[in-house]
Amino acid sequence: ENDTIAAHLYKLLIYEKGDFFLSHKDSEKEKGMFGTLIINLPSKHTGGALEISFDDTRVVADFAEANAHHAIKYAAFYADCDHEVRPVTSGYRVSLVYNLIQRKAGNRIELQSLQSQAQQMATLFSENETDKDSRPGIILLGHQYTPENFSKDALKLNDRVKAEVIIQAAQLAGHYAKMCLVTSYVMGLPEYEGYQYANDENAEMAEVYDESLSIEHWATERGTSELTGTAGSGHSPVKDHLPGFDNVSFEEDELIRSFSLNEGDPQEKENTGYMGNYGPELMYWYHYGAVMVWTPQQNAEILLSQNAETQLEWIAHFAEVMEISYEELEAVEYILSSDLKDASKSANFNAVINWLIARKSQHFLLEISRERLQLFFERIDAAHWTLLFKDAPASFTKKVFDQVTYHLTLPVLEKTIGLIKTFLEEKIVKRFSRIQLAELPDYLKTIAHTGLQNIGKEALEDLFWIAAHVPTTPDWNEAVAKNLTTSMQRKYAIKVLIPQLLAVKTSSDLPDILRGICRNYMQDLVNNQPQPPADWSRPIPDSLIHTTQWKILKAFMASPEERVFEFRKNQHERKALEYAIKGADVDLTCQTIRTGSPHTLRIMKTQSAYLHALKEWEKDVKVLGRLEKKGKV
């Protein structure tokens, strides 16, 4: 209803006598394409009828008769309809081919009959719920879709009505429902043509030796969704769509469907072609539109088998809707206490805070292990921790910090600095912030003694903000500066600390002290200008491997005059020596001289180490100059 359809010209087709096109389906040639429009241009011909079929329905569009009256006829069909052009017997058949594109989502057509259908189906869902061994219902619709073009607005023919009824029924029964694509993957050998296998993707599959079923794509509409139902939502549309799952196990006989799988053309095909001594493999992907329906109890069980990203997405969803089953509540508590170990960097741990605040369960953090609390502390951003601590008792905040700082790590220290800055900036938990501020020198000292890492750019920015906006003592500034630079390395000084010091706009004691320390550090480096080697002798790398190869080069490396060593041996020995040289930090380079037999590996001494050190020294001079200029300003 009120859909906007665009017709994009694709081709002008001219068929002459004897031309035809075998039965096929049109691929989706651009985003939003759902069908094809054929417009006949008046041209005298016979034959060339267009035959369109879908399931058991067949329509023949014969444009030849219209030409006698100079009439323009047309035919339009969905992209998954099979169609063919019969042979032209005389003249020329001329037509324009357009891709039909859906420009704008239409409003759903309100049919009162859908409600009665949904009510009947809801009864079936409720009856099935009493079966303890029941599994999620995966109901196939009638068509295939590409993953890129699968949404409620792209549903074909009566698929939209089917999906609407299923999801309304799920809502009425208090179940979850979500649109998905069931992918059937088939791999096998293409048909054999004469003396070899067919080597194109349009070949027929002669033998199948691998098959699988999976759900790899879920509809991702956001906002108010007509085709996403959730448990406990009654008859109203859901305000935000459900997360999907990263894996759902099911067998073919568990699918609810009215047709056989893997018949007709797949949505995607691929032929690997010949690979060395191996023949080609033909692969088919059938992507069937479907709606999965499952109960809250089944949801709790499924959640435990998902990856951390999916589990956190569901926890975020639960924090919004709050209407969840006892089984789901238990599943979430187990996940928060014992799971989420292998979460990727993109995992949304902020969902944990949203969940705890929504359920008023902040004290759950004090019931989990210290390692688990540290994980949350590191992965949840400062804004969400601030949200949690803002209205919490000071005693609760102190207990959380006591736990996470008991065995201090660098990520915990950086998050602590960020939180202190946020607390002071927003003027919350003031007394606790002052206490933590006083503890910062000791925190930095603990990390400095590990000698492993220094705090990063963001933590330094927060630290300099604190120093500029909060009154601090000289002892505090000296201690912080000392502990920040205890295990200072050149790379850290040049890449992290000094750039942040140069970027400071508001003067305060801490960055001033640090600039002085860094100036002295850089001056020491500049005072030790690297010198070129006195002669051409070079040390042998201190290595426990390739000892045989380094024995071969021992005399050459020790010689103060020799600069080139010719190693004329078989390929195996040359490669071993070349591999040893390239794998070591040594002033040598080599090349293969491909004259004579066997070839020669020419090994040459270089001054790479000196030139590299000189280049680094020149950088140090520039950095020192910028520090001194900043100091004068």
Side-chain angles (χ1 to χ4, degrees), residues 275-277 450-454 456-457 485-500 502 517-629:
M275 301 176 291
N277 296 325
T450 65
L452 299 176
Q453 292 175 297
N454 301 90
K457 293 180 179 180
T485 55
T486 297
S487 57
M488 184 139 73
Q489 301 293 324
R490 177 184 176 278
K491 183 178 179 181
Y492 176 73
I494 289 178
K495 297 287 187 182
V496 181
L497 182 55
I498 292 175
Q500 291 305 121
L502 294 175
I517 294 172
C518 287
R519 275 198 301 270
N520 293 336
Y521 177 78
M522 296 307 299
Q523 188 65 62
D524 289 342
L525 294 179
V526 169
N527 291 342
N528 290 285
Q529 181 176 354
Q531 301 298 317
D535 54 41
W536 286 100
S537 63
R538 297 290 184 267
I540 290 178
D542 185 14
S543 174
L544 298 177
I545 58 175
H546 306 301
T547 53
T548 302
Q549 284 69 37
W550 291 115
K551 282 181 181 179
I552 295 171
L553 295 173
K554 183 176 181 180
F556 168 65
M557 296 291 284
S559 172
E561 295 88 15
E562 286 187 74
R563 296 178 56 183
V564 180
F565 180 75
E566 305 277 353
F567 188 66
R568 187 173 182 179
K569 294 289 182 179
N570 61 51
Q571 183 182 21
H572 176 74
E573 293 179 271
R574 292 198 316 273
K575 285 292 182 184
L577 188 55
E578 184 178 8
Y579 184 75
I581 292 169
K582 289 184 176 179
D585 185 13
V586 63
D587 278 1
L588 295 177
T589 186
C590 52
Q591 67 178 114
T592 300
I593 309 301
R594 302 185 183 281
T595 57
S597 182
H599 296 335
T600 301
L601 183 67
R602 179 172 293 164
I603 302 165
M604 296 157 284
K605 293 176 182 175
T606 69
Q607 291 192 346
S608 298
Y610 162 68
L611 294 174
H612 176 74
L614 185 62
K615 190 175 181 179
E616 296 292 287
W617 179 82
E618 290 169 350
K619 288 182 183 177
D620 294 345
V621 172
K622 292 179 181 179
V623 171
L624 178 60
R626 288 198 290 269
L627 273 172
E628 290 176 340
K629 183 178 178 181

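Judged by distance alone, the side chain of Q531 and the main-chain N or O of Q529 form a donor-acceptor pair under 3.5 Å.
Side-chain contact between L525 and V623: absent, with no pair of heavy atoms (C-beta onward) separated by less than 4.5 Å. With a 4.5 Å cut-off on side-chain heavy atoms, Y579 and Q549 do not count as touching. You'll find the side chain of K569 stays beyond 4.5 Å of the side chain of P598, heavy atoms only. Taking the side chain as every heavy atom from C-beta outward, R538 and P533 approach each other to under 4.5 Å. Between L553 and I540 the shortest side-chain heavy-atom distance does not fall below 4.5 Å. Under the 4.5 Å side-chain criterion, counting only non-hydrogen atoms from C-beta, R626 is not in contact with I498.
Heavy atoms from other residues, nucleotides or ligands lying under 6.0 Å from CG of D542 number 12 at most. More than 12 heavy atoms of other residues, nucleotides or ligands lie within 6.0 Å of CD in Q607, so this atom counts as buried by the packing criterion. More than 12 non-hydrogen atoms from other residues, nucleotides or ligands lie less than 6.0 angstrom from OH of Y610. Within 6.0 Å of CG in N570 there are more than 12 heavy atoms belonging to other residues, nucleotides or ligands.
To the nearest 0.5 Å, atom CD of residue E628 and atom CD of residue Q523 are 6.5 Å apart. Atoms OG1 and CG, from T486 and N454 in turn, are 9.0 Å apart once rounded to the nearest 0.5 Å. Note that CD1 of I581 is 9.5 Å distant from CE of M604, once rounded to the nearest 0.5 Å. In this structure, CH2 on W536 lies 12.0 Å from CE on M557, to the nearest 0.5 angstrom. The structure places CG of L601 at 13.0 Å from CZ of R568, a figure rounded to the nearest 0.5 Å. Going from atom OG of S537 over to atom CD of E561 covers 9.0 Å, rounded to the nearest 0.5 Å.
Annotation for L624 and R519: closest pair CD1-O, 3.7 Å, computed over non-hydrogen atoms. Listed here is the closest heavy atom pair of P541 and V586: CG-CB, 4.0 Å. Closest heavy-atom contact between W550 and L588: CZ3-CD1, 4.1 Å.
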inquiry  = Using side-chain contact (heavy atoms from CB on, under 4.5 Å), reason through V526 and W617 one step at a time and then give a plain yes or no.
reply    = CA-CA 6 Å; V526 169; W617 179 82; 4.1 Å; yes
query = Would L627 and Y521 count as a side-chain contact (heavy atoms from CB on, under 4.5 Å) if you check the C-alpha gap in whole Å, the side-chain angles of each, and the deciding distance to 0.1 Å?
reply = CA-CA 11 Å; L627 273 172; Y521 177 78; over 6 Å; no
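The residues R574 and E578 are annotated as not salt-bridged, no charged nitrogen and carboxylate oxygen being separated by less than 4.0 angstrom.
Residue pairs meeting the salt bridge (charged side-chain N to carboxylate O under 4.0 Å, His left out) criterion with at least one partner in residues 595-624, sequence neighbours excluded, are R490-E616, R490-D620, E566-R602, E616-K619.
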